[in-house]
Structures are given as structure tokens and as C-alpha cells.
J.: 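I'd like to ask you about the structure that follows.
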Amino acid sequence: MDPPDLSLANRLFHQPPEEEAFLSPDTRSVSENSHAADPRFLELQEELRSALFTAVANSTPKQYLLESISEPEATSSRRNVDPFAGSPVPKSRLIFYLKNWITECAPYLDKFDEERHFGVHIPILAEDSSALFYALLAFSARQTERKAGLRNCHDSLELYQESIRLIRPGLQAKDPNVLVTVCILAVMELMSVSTQDWRRHVEGCAALFDCFNVNGFSGGHLQAVFWCYVRMELCGVIVSNGADRTVLPLEKWVPAAPTGHGSESLEENEKRVRNLFMEKSILSPDMHANWAVYLCAKTCDLVCRRTRELELGELDTSDSRPFSEQWNRLWDELQFWLAQRPSELLPVKVVSMRGDQMFPEILFAHQAAISGNQLYHTACILLLEIKPAIILLSTSDHLSSSIWHARRVCGISLTNPHRGNLINAIQPLYIAGKLLSHRREQIAVARLFKIIEETTGWGALWRLRDLEAAWGYETNEILSAL
């Protein structure tokens, strides 16, 4: 299926021709088309948060799980009503948004999922869940508005409001589609406003996942939704720069130790979790990429605990081992991940830097390999930044070089233009970009941020402005040179 034509989107919304093209960042950027200052959006967001926390307080997890563990099936019992009936948005635009969801939006969320739950299974689920149906449309509408630069279109807000209105009965009835709906709305919120306020967008999801004991090994569409959610968490903790830990504790990302085996030591837990990922990775390379998400989040957690201990004097009560031992164990876990990659996560072509080439070319055939490997390099950079002086790594080993990892992060994005992975690259590119000192390298990374924003609708230029400050430039100085 061909992707939706944005010129068609502009015709649907009666945009004048001069509005069809993206303007330069000095006159208008997608980032400026934000809901952050819209009182109606903020009111709806608060309404959704309140509904979620109220539902969690009144929920019985076992009842929910019994209803939610099965995969969606195509049956003859589908509701025999027009899903577009009563919509505040014209039907022609709703059909456009539905097509845009399948061709543009779902691949963003399915980048770690060969089974394409967001693109195939979840639209089937939406046939029986009006709240989920409108969540898909709201997400797609918002992506369209941002990508096409539509300033006076409020379809996403109308559809967002309709999804929230319909979600309350689902929460009360323990509808198994609620977690899917809430996660999609949270991603839409993050796309619409500054990521600095990430906690407000993921707290409701975290409460539901925790209450209903859904984790990264739950199976089916709930597992896919969980890993979509925790990628938002990872984005947030990177943005916090060591100030925050994940809203959903890392021990809730994996199944608890079996009962009857006594208390589990930290070393036993690490071995058990490693074995869980290894077992699943044999069956699915996607899980090996999800393992990279987990390890990168674990790295951010160690950075946060170390930062709080050194800067605030907080005692680390979650791990009593010496910091150097914690660091060594996590470094070994990352290198074990690298050594155990299945063939699908290995590059199919690598061209090393030569001549005036700034970054290596690293091509992957499997889409989950792109972000999975990029997050491995990001975690290594973060971990090397807090390496204890008493730990000596071989200087002849490129794995001990932060700038080597940084150039790999940039090279992966430049070589693999998968849009979903470009979105996932925003924070890794920021972490890597801070280490680049040559202006040519900086301009190349700046172009990547501009491409991400203009081709995906996802706000990225705000992170480039952070990089400009880190590089010592005035705001928009590098941007205006593109």
C-alpha cells in the first residue's frame, strides 16, 4: 500500500498551496505546532490521568488478566455499526487518518515487532473498541497535522477528546483494550508537546501496567504494547540527564522470581533476567532488541543513582554492592549482549571511516537491529562517562572509546533511514552529538535532526538546540547554516 499523499491531506484541509511545503526553521518548524500551551489539551490530559488513577485504585488485577491474555481474532461477532458514526470529524478525513495509521504511524510503533501488532492486530481490536479506534485516529491526525504543518486543524484534539470520553466505560468494565488505548494516547501526547514533561504522559500507563502485572514477557499484543511504553520511559530518563529513574521500576519490566524459591540475591536476579532474554531471543530477534532497551534503561538507572549519591548525598538502598562492582557487571552485560546478537541483529554491510568520511556506514536488514544496536552504543557512552577511575579498560580496544561509540550512533542513523528508528534515534543522537567537536560532524548531525522533524512529524529540533548550547553556539546558529 502506498503511503498517504500529504498533498491530499492539504486538499482535504483546504490548505493554500504556499502552506504545503515546510518552511525554514527560522519562520516555522513542526515543533512550534504544539499542544503544550493549549488549555483544552491540558484539560483533557488531566481528565485522562484522573480516570486512569481512579480505575487503578478500584481494579482487581486477576479479573483483568483473565480477560486480556488472548490474542485478537477475526470473528463474525463484530459490532454491526458504522465506526465513523457520530464522529466530530468528516468521514473523508477519518478514512485518510485510518490509512495514514497503517502506512505511516503503525510502523513507527512496530519497529521492534516482526508480528506488527500495531499495524495488523490492533486495528482488528479497534473494531470492537471505540475508545481504541478513536485513539488510533487521534494519533494519526496529530502526526498528519505536524508533518504537514497544519496550524488551524484541530481534528486530533476532537478525536483525542472522543477517545477519552469513551475510555471510562472500558476502564470500569476491565476492557483488555484499555492498556493499548492508553499507550497510544501517551505516545501521541509525547509527540505533541515537549518531552521534558515526559513523566506526566507515562504515569498513567505505568500505573496500569503495574496494577495488572503486565510486563515485557506477557506475550501477544500486550507484550508489544509494553515495549512501546518502556521506550517512552527510556526517552524520558535520558532527557532527565541523571535526575530521574523510570516511573515503572525496572524489576517490574520482567516477571518476578518464581514463588517458593526463597529470596533472590542481586546476582541471581541478574542471571535469571539474562536467561529470560536469551531464551526469548532464540525465538525472536525482536526480544534481543528489547533487551538493549532494558540494558540502556538499566544504565540510566545506575547513572541516576550515582548522580543522586554524589550530588545529593542520597544513600543507594537498591544495590548495596560497591559502585565499581555494579559498573563492571553492567559493562559485562552490555558486552555479552553484543557478543550474543542473533544473525538478524548483525549488520549486513559495514564501511569503516576512510578519507574525509565522518562516520562509518553500518547497514542493517532487520529494522529492530537499527535501534537495538544504537541503544547498545548509547548505553556504552553513558556508562563510560561514569566509569570509576580504578577500573582500567584496554586503550587498544575500541569498545572503551566513547567517541567510537558516538560515531557508530551517528553512522547507524545516516545509513538506515527507517522513520520509526529515526524517531527512536533522537536521544541517542543527542548523547553522541555532545562528543563531536568538528563543525562538519555537527552539521551532519543537525541535518539528521531536521530530517527527523520534517519527515516524521516528531519534534526533534528542540534537542538540536540543546546540542547547539553544548557545542557553544548561539540558538539556531547551526540550524541556520543548513
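Everything numeric here is computed off the predicted structure, so don't read it as measured data. Below, all heavy atoms of this structure are taken into account, side chains as well, without hydrogens, waters or symmetry copies.
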J.: Of all heavy-atom pairs between P347 and F364, which one has the smallest distance, and what is that distance?
T.: N-CE2, 3.4 Å
J.: Got F112 and R231 here, is their nearest side-chain heavy-atom distance under 4.5 Å?
T.: yes
J.: Please list, chain by chain and in numerical order, all residues satisfying side-chain hydrogen bond (donor to acceptor under 3.5 Å, both in side chains) with R168, sequence neighbours excluded.
T.: none
J.: Measure up the H377 and H405 rings against each other and bin them: parallel (under 30°), tilted (30 to 60°), perpendicular (over 60°).
T.: tilted
J.: For residues R272 and N269, is any side-chain donor paired with an opposing acceptor at under 3.5 Å?
T.: yes
J.: For the side-chain contact (heavy atoms from CB on, under 4.5 Å) test, which of S401, S402, C410 pairs with L435?
T.: S402
J.: Could you work out, with salt bridge (Lys or Arg N to Asp or Glu O under 4.0 Å) as the rule, every residue matching D301, not counting sequence neighbours?
T.: R245, R305
J.: Between E145 and R142 (salt bridge meaning N to carboxylate O under 4.0 Å), is one present in this structure?
T.: yes
J.: For S140 and N100, indicate whether the former's side chain and the latter's backbone hold a donor-acceptor pair under 3.5 Å.
T.: no
J.: Is the number of heavy atoms from other residues, nucleotides or ligands within 6.0 Å of CD (E43) greater than 12?
T.: no
J.: Between E441 and R407, does any NZ, NE, NH1 or NH2 come within less than 4.0 Å of an OD or OE carboxylate oxygen?
T.: yes
J.: Identify whether the distance between the nearest side-chain nitrogen and carboxylate oxygen of E203 and R49 falls below 4.0 Å.
T.: yes
J.: Counting only heavy atoms not in K280 (residues, nucleotides, ligands), do more than 12 fall under 6.0 Å from its NZ?
T.: no
J.: Please report the shortest heavy-atom distance between P428 and T378, naming the atom on each side.
T.: CB-OG1, 3.2 Å
J.: Any ion pair linking E104 and K147 (charged N to carboxylate O, less than 4.0 Å)?
T.: yes
J.: Are Y134 and Y160 an aromatic pair by the rule of ring centers under 6.0 Å?
T.: no
J.: Could you tell me whether the side chain of S400 and the main chain of L393 form a donor-acceptor pair under 3.5 Å?
T.: no
J.: Do the side-chain N and O atoms of Q374 and S413 include a donor-acceptor pair separated by under 3.5 angstrom?
T.: yes
J.: Report yes if the side chains of E233 and W253 come closer than 4.5 Å at any heavy-atom pair, otherwise no.
T.: yes
J.: Without hydrogens or angle criteria, can the side chains of Q335 and Y376 be said to hold a donor-acceptor pair below 3.5 Å?
T.: yes
J.: Does the side chain of N373 come under 3.5 Å of the side chain of R408 through a donor N or O and an acceptor N or O?
T.: no
J.: Quick one: do E309 and R306 make a salt bridge, cutoff under 4.0 Å?
T.: yes
J.: Check step by step if ring-ring contact (aromatic ring centres under 6.0 Å, His included) holds for Y97 and F139.
T.: CA-CA 9 Å; Y97 294 143; F139 185 104; over 10 Å; no
J.: Go through the side-chain N and O atoms of Q367 and N421 and say whether any donor and acceptor fall under 3.5 Å apart.
T.: no
J.: Do R329 and R321 make a side-chain contact, defined as non-hydrogen atoms from C-beta onward lying under 4.5 Å apart?
T.: yes
J.: Are any side-chain N or O atoms of D110 and backbone N or O atoms of G119, one a donor and one an acceptor, separated by less than 3.5 Å?
T.: yes
J.: State whether the number of non-hydrogen atoms from other residues, nucleotides or ligands found under 6.0 Å of R308 atom CZ is greater than 12.
T.: yes
J.: Do we get R419 above Y108's six-membered ring, with its NZ or CZ under 6.0 Å from the centre and within 45° of the axis?
T.: no
J.: Under 6.0 Å from the six-membered ring centre of Y430 and within 45° of its axis: does the NZ or CZ of R463 meet both?
T.: yes
J.: For the residue pair E114 and H366, confirm or rule out a side-chain donor-acceptor distance under 3.5 Å.
T.: yes
J.: Tell me the closest heavy-atom pair linking L171 and A51, and the distance in Å.
T.: CD1-O, 3.7 Å
